[in-house]
Visitor: 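Dropping the structure in here first, questions after.
Count residues from 1 along the sequence.
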Amino acid sequence: MKKSEFVTQDLLSKIYQNDPSGSRKLPPERQLAEEYGVSRFTIRQALEKLVRIGVVRIVQGSGIWINASAHNNPLVYNSITEKRFDQIRFRMISLHKKRPDRDEQQIFGISEETFIWQFCRLRYVDEMAVQIEISRMPVTLFADLNQQVIEQSLQQYVLSKGYQISHLLTSYRAVSVSREQAALLGCKKGSPAMHINNRGMLNGGQVYEISDIIDINYTCTYVIPHNRDNLAWRQGV
């Protein structure tokens, strides 16, 4: 692990160890460099990452402040959310309407006579293709979906339609890249990847999107509160 990544992880650990009502500031750069035995440049890299993922903010002349929302979200960051929007771009591969299959009817709560959009796009991070995403969305909710929308933020598009996003249900499994996927991602067939399945839900429970993502560069950091009841259930208590 790089020194800056170790410092990031350790600072995150200390932030989440502290009571939310306790200290709301981190020590200054110079003190952190001394404590970790690294350069101030390394500390600055770690702090920049904490700023990007929304855990701290740096106020000139005041210090490094911990954001109050840092304790409210179990997902701290992943390899996409740690990047600024200007480091990410999309390229649409395909877009068409189709009749939903039985699973899609069940997920969206629609009939077989209605249409859904299906599209494929590539996500580039720092100008490198890292994800293939195949998504489906109901035409009844998003009649004007087009290439311009698909090559930008879908969540921003959904919000711009007046909908309120409630939850994302996400599952992961390890896979190997197929020949077709390797051609799009510019990697070798059989390369390790993460298959990420997402369901995006609106307030009220309506699913607005289902997506399957192949990611060749996925990392993720979570903070998971201890679930005493679940532990007791697993032990048969």
Visitor: Taking 4.0 angstrom as the limit, do Glu104 and Arg136 come out as a salt bridge?
Guide: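 Yes, this pair counts.
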
Visitor: Could you tell me whether the side chain of Ile134 reaches within less than 4.5 Å of the side chain of Phe119, counting heavy atoms only?
Guide: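 Not in contact.
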
Visitor: If we ignore hydrogens and angles and just use 3.5 Å, is the side chain of Thr8 paired with the main-chain N or O of Ser4 as donor and acceptor?
Guide: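 It does hold such a pair.
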
Visitor: Does atom CD of Gln206 have more than 12 heavy-atom neighbours from other groups under 6.0 Å away?
Guide: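 Enclosed.
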
Visitor: Do Met137 and Ile110 belong to the same hydrophobic cluster, where Ile, Leu, Val, Met, Phe, Trp and Tyr are linked whenever their side-chain heavy atoms lie under 4.5 Å apart, directly or via other members?
Guide: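 No, Met137 does not connect to Ile110 through the hydrophobic network.
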
Visitor: Return the minimal non-hydrogen interatomic distance between Phe90 and Ile150, and the atom names on each side.
Guide: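 Taking every non-hydrogen atom into account, CB-O, 3.9 Å.
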
Visitor: Salt bridge or not for Glu127 and Arg89, using N-O below 4.0 Å?
Guide: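 Salt bridge: yes.
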
Visitor: According to side chain to side chain contact (heavy atoms under 4.5 Å, CB included), who are the partners of Gln152, at least two apart in sequence or on a separate chain?
Guide: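 Side chain to side chain contact (heavy atoms under 4.5 Å, CB included) check on Gln152 returns Gln148.
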
Visitor: Given the rule that I, L, V, M, F, W and Y join up when any side-chain heavy atoms are under 4.5 Å apart, are Ile53 and Ile58 in one cluster?
Guide: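 Shared cluster, yes.
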
Visitor: Ring centres under 6.0 Å, that's the criterion: do Phe142 and Tyr163 meet it?
Guide: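 Yes, the ring of Phe142 comes within the 6.0 Å limit of the ring of Tyr163, centre to centre.
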
Visitor: Answer yes or no: is there a donor N or O on one side and an acceptor on the other, between the side chain of Gln181 and the main chain of Ser178, under 3.5 Å?
Guide: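 Here the side-chain-to-backbone pair exists.
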
Visitor: CG of Leu122 to CE of Met128: how many Å apart, nearest 0.5 Å?
Guide: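 Answer for the CG-CE pair, Leu122 versus Met128, is 12.5 Å.
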
Visitor: Below 6.0 angstrom between ring centroids: does that apply to Tyr208 and Phe108?
Guide: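 Ring centres of Phe108 and Tyr208 not closer than 6.0 Å.
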
Visitor: To the closest 0.5 Å, what do you measure between CZ (Arg44) and OG (Ser39)?
Guide: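 With rounding to 0.5 Å, CZ (Arg44) is 8.0 Å from OG (Ser39).
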
Visitor: Quick one: do Phe41 and Tyr36 end up in the same hydrophobic cluster if we chain Ile, Leu, Val, Met, Phe, Trp and Tyr together by side-chain heavy atoms under 4.5 Å apart?
Guide: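 The answer is no; the residues belong to distinct hydrophobic clusters.
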
Visitor: If you look at every heavy atom in Asn67 and Arg24, which pair is closest and at what distance?
Guide: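 Looking at all heavy atoms of both residues, the closest pair is O-NH2, 3.1 Å.
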
Visitor: Nearest 0.5 angstrom please: Ile116 CD1 to Glu209 CD, how far?
Guide: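 Answer rounded to 0.5 Å: 11.5 Å.
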
Visitor: Where do Leu184 and Ala129 come nearest, in terms of heavy atoms and distance?
Guide: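 In terms of heavy atoms, the two residues are closest at O-CB, 4.2 Å.
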
Visitor: Could you go step by step and tell me if Ile210 and Ser135 meet the side-chain contact (heavy atoms from CB on, under 4.5 Å) rule?
Guide: CA-CA 6 Å; Ile210 50 178; Ser135 293; over 6 Å; no

Visitor: Closest heavy-atom contact between Gln156 and Ser153?
Guide: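 Residues Gln156 and Ser153, closest heavy atoms: N-OG, 3.2 Å.
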
Visitor: Side chain of Ser62, backbone of Val59: donor and acceptor closer than 3.5 Å?
Guide: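 Absent.
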
Visitor: Quick test of your reading of the model: are Arg123 and Asp215 salt-bridged, counting only N-O distances below 4.0 Å?
Guide: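 Looking at Arg123 and Asp215, the cut-off is not met.
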
Visitor: Check this for me: does any side-chain nitrogen of one of Glu151 and Arg91 sit under 4.0 Å from a carboxylate oxygen of the other?
Guide: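 Arg91 and Glu151: not salt-bridged.
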
Visitor: Which atom names give the shortest non-hydrogen contact between Val175 and Met194, and what distance separates them?
Guide: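 So the two residues come closest at CG2-C, 4.3 Å.
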
Visitor: Counting neighbours of NZ on Lys188 that are heavy atoms of other residues, nucleotides or ligands and sit closer than 6.0 Å, is the number greater than 12?
Guide: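 It does not: Lys188 NZ has 12 such atoms or fewer within range.
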
Visitor: I want to check something: taking the side chain as every heavy atom from C-beta on, are Gln155 and Leu168 in contact at a cut-off of under 4.5 Å?
Guide: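 Yes, at least one pair of side-chain atoms sits under 4.5 Å.
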
Visitor: With sequence neighbours excluded, what pairs up with Gln31 under the side-chain hydrogen bond (donor to acceptor under 3.5 Å, both in side chains) test?
Guide: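 Only Glu35 meet the side-chain hydrogen bond (donor to acceptor under 3.5 Å, both in side chains) criterion with Gln31.
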
Visitor: Nearest 0.5 Å, please: how far is CD1 in Ile196 from OG in Ser171?
Guide: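 The OG atom of Ser171 sits 9.5 Å away from the CD1 atom of Ile196.
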
Visitor: Applying side-chain contact (heavy atoms from CB on, under 4.5 Å) to Thr114 and Val139, what does each step give before you reach the verdict?
Guide: CA-CA 8 Å; Thr114 56; Val139 172; over 6 Å; no

Visitor: When clusters are formed by joining ILVMFWY residues with side-chain heavy atoms under 4.5 Å apart, either directly or through shared neighbours, do Val149 and Ile165 land in the same one?
Guide: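 Yes, it is one cluster - the side chains of Val149 and Ile165 are joined through contacts under 4.5 Å.
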
Visitor: Assess the side chains of Tyr157 and Asn146: does a donor N or O sit below 3.5 Å from an acceptor N or O?
Guide: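 Distance-only check fails for Tyr157 and Asn146.
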
Visitor: Provide the closest heavy-atom pair for Ile15 versus Leu26 in the form atom of the first, atom of the second, distance.
Guide: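 Closest approach of Ile15 to Leu26: CG1-CD2, 4.1 Å.
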
Visitor: Report the C-alpha separation of Glu29 and Leu47 in whole Å, then their side-chain angles, then the decisive distance to 0.1 Å, and conclude whether the side-chain contact (heavy atoms from CB on, under 4.5 Å) test is met.
Guide: CA-CA 9 Å; Glu29 270 186 25; Leu47 292 175; 3.8 Å; yes

Visitor: Can Val130 and Leu185 be said to form a side-chain contact (heavy atoms from CB on, under 4.5 Å), step by step?
Guide: CA-CA 6 Å; Val130 296; Leu185 292 168; 5.7 Å; no

